[in-house]
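Following: one structure in structure tokens, then a few remarks.
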Amino acid sequence: TGGRGFIGSHFVERALEEGHKVLDVDKMTYAASETLPWDNHDNYTLLKQDIAEMTHLPNCDVIVNFAAESHVDNSIRDTDPFIKSNILGVHNLLELVRGKQPHNRPLFFHISTDEVYGDRLEGSFVETDKLTPSNPYSATKAAAEMLVLSYSRTYGLNYIITRSANNYGPRQYEEK
């Protein structure tokens with residue numbers, strides 16, 4: 001999900017280079033790339049849809065969830081899109097995975113952020129540090145992580161969560 005965004009598009013590009021089939025679910029918000037070099041690739045399909053409103057999960061081995069609202073300043077001005085995408089969207093994806101037979105459930109690979117740790121004036125964070133989000137964006141990402149963890153424990157869903165930091169490069173939206 002979110003394969004038309006900055007980081008997701010680089011993942012899609014690499015997955016296609018390695019011969020994988022990619023079904024990209026993207027809402028196509030203001031930060032999405034309208035066109036990409038692989039739009040007509042035989043192994044690529046774009047489904048223009050909001051993850052919070054999906055009603056069917058196509059068969060797949062892995063869901064890599066890049067879909068998110070991610071700009072801190074925007075989250076301070078208007079929290080609603082962040083709640084919808086980052087919490088309700090993740091919840092909907094998890095429900096769709098849970099609805100599959102256990103042997104047909106894909107791995108849920110959730111892309112999060114180091115922002116969930118909050119502010120750090122010195123040193124660096126470690127994976128076991130307490131989550132102390134400091135803005136609406138980071139709070140919604142932390143909430144999504146808690147949903148993923150709870151679905152694993154309660155329903156046996158398999159997951160991986162990553163928390164990257166300070167990404168930049170080609171295809172990044174100009175506000176960043």
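Atoms considered below: every heavy atom in the structure, side chains included; atoms not considered: hydrogens, waters and symmetry mates.
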Problem - Residues forming a side chain to side chain donor-acceptor pair (under 3.5 Å) with Ser75, sequence neighbours excluded - result: none
Problem - Non-neighbouring partners of Asn158 that pass side chain to side chain contact (heavy atoms under 4.5 Å, CB included), sequence neighbours left out - result: Leu107
Completion exercise
Residues at least two apart in sequence or cross-chain that pass side chain to side chain donor-acceptor pair (under 3.5 Å) with Ser164, listed by chain then number, are Asn167
Exercise for the section: Without swapping roles, check the side chain of Ser150 against the backbone of Leu147 for a donor-acceptor pair under 3.5 Å. Expected result: yes
Exercise for the section: Just grab all the salt bridge (charged side-chain N to carboxylate O under 4.0 Å, His left out) pairs involving residues 81-100, residues at least two apart or on different chains. Expected result: Asp50-Lys84, Glu53-Lys84, Glu95-Arg98
Completion exercise
Between the OH atom in Tyr159 and the CG atom in Asn65, the distance rounded to the nearest 0.5 Å is 15.0 Å
Handout entry: Sequence neighbours excluded, every pair satisfying salt bridge (charged side-chain N to carboxylate O under 4.0 Å, His left out) that has a member inside residues 145-160
Key = Glu145-Arg163
Less than 3.5 Å apart, which donor and acceptor atoms pair up between the side chains of residues 125-134 and the rest of the protein, not counting sequence neighbours?
{"from": "Asp129", "atom 1": "OD2", "to": "Val126", "atom 2": "N", "distance (Å)": "3.0"}
{"from": "Thr132", "atom 1": "OG1", "to": "Tyr117", "atom 2": "O", "distance (Å)": "2.6"}
{"from": "Ser134", "atom 1": "OG", "to": "Asp119", "atom 2": "OD1", "distance (Å)": "3.4"}

Handout entry: Partner residues of Glu17 under the side chain to side chain contact (heavy atoms under 4.5 Å, CB included) criterion, sequence neighbours left out
Key = Glu13, Arg14
Practice task
Flag yes if Val62 and Ile161 sit in one hydrophobic cluster, no otherwise; membership is Ile, Leu, Val, Met, Phe, Trp, Tyr, and two members link when side-chain heavy atoms are under 4.5 Å apart.
Solution key: no
Handout entry: Tyr155-Ile87 co-clustered via ILVMFWY side chain contacts under 4.5 Å
Key = yes
Practice task
Flag yes if Val90 and Met146 sit in one hydrophobic cluster, no otherwise; membership is Ile, Leu, Val, Met, Phe, Trp, Tyr, and two members link when side-chain heavy atoms are under 4.5 Å apart.
Solution key: yes
Problem - Thr140: side chain to side chain donor-acceptor pair (under 3.5 Å) partners, not counting sequence neighbours - result: Asn86
Practice task
Give a yes or no on whether the backbone of Phe82 and the side-chain of Ser85 come within a donor-acceptor separation of less than 3.5 Å.
Solution key: no
Fill in the blank from the handout: Shortest non-hydrogen pair, Ala15 vs Val22, comes out as CB-CG2, 3.9 Å
Handout entry: Test side-chain contact (heavy atoms from CB on, under 4.5 Å) applied to Leu57 and Val97, step by step
Key = CA-CA 7 Å; Leu57 184 64; Val97 171; 3.7 Å; yes
Return a table of donor-acceptor pairs under 3.5 angstrom between the side chains of residues 40-47 and protein atoms on other chains or two or more places apart.
{"from": "His41", "atom 1": "ND1", "to": "Asn43", "atom 2": "N", "distance (Å)": "2.9"}
{"from": "Tyr44", "atom 1": "OH", "to": "Arg4", "atom 2": "NH1", "distance (Å)": "3.0"}
{"from": "Tyr44", "atom 1": "OH", "to": "Asp24", "atom 2": "OD2", "distance (Å)": "2.7"}

Practice task
Hey, can you tell me if His110 and Phe108 have their rings parallel, tilted or perpendicular (30° and 60° cut-offs)?
Solution key: parallel
Handout entry: Thr113: partners by side chain to side chain contact (heavy atoms under 4.5 Å, CB included), with sequence neighbours left out
Key = Glu115, Val116, Tyr137, Lys141
Exercise for the section: Kindly compute the distance separating CD (Glu69) from CG (Asp80), expressed to the nearest 0.5 Å. Expected result: 11.0 Å
Practice task
Answer with yes or no whether the hydrophobic clustering places Val148 together with Leu96; edges join I, L, V, M, F, W, Y residues whose side-chain heavy atoms lie under 4.5 Å apart.
Solution key: yes
Handout entry: Closest contact, heavy atoms only, Leu157 versus Ser152
Key = O-OG, 3.1 Å
Exercise for the section: Could you pull out all residues at least two apart from Ile111 that satisfy side chain to side chain contact (heavy atoms under 4.5 Å, CB included)? Expected result: Val64, Phe66, Phe109, Thr162
Exercise for the section: Give a yes or no on whether Leu23 and Ile51 share a hydrophobic cluster (residues Ile, Leu, Val, Met, Phe, Trp, Tyr; joining criterion: side-chain heavy atoms under 4.5 Å apart). Expected result: yes
Practice task
Show the numbers, then the answer: is there a side-chain contact (heavy atoms from CB on, under 4.5 Å) between Asn74 and Asp78?
Solution key: CA-CA 6 Å; Asn74 290 348; Asp78 183 8; over 6 Å; no
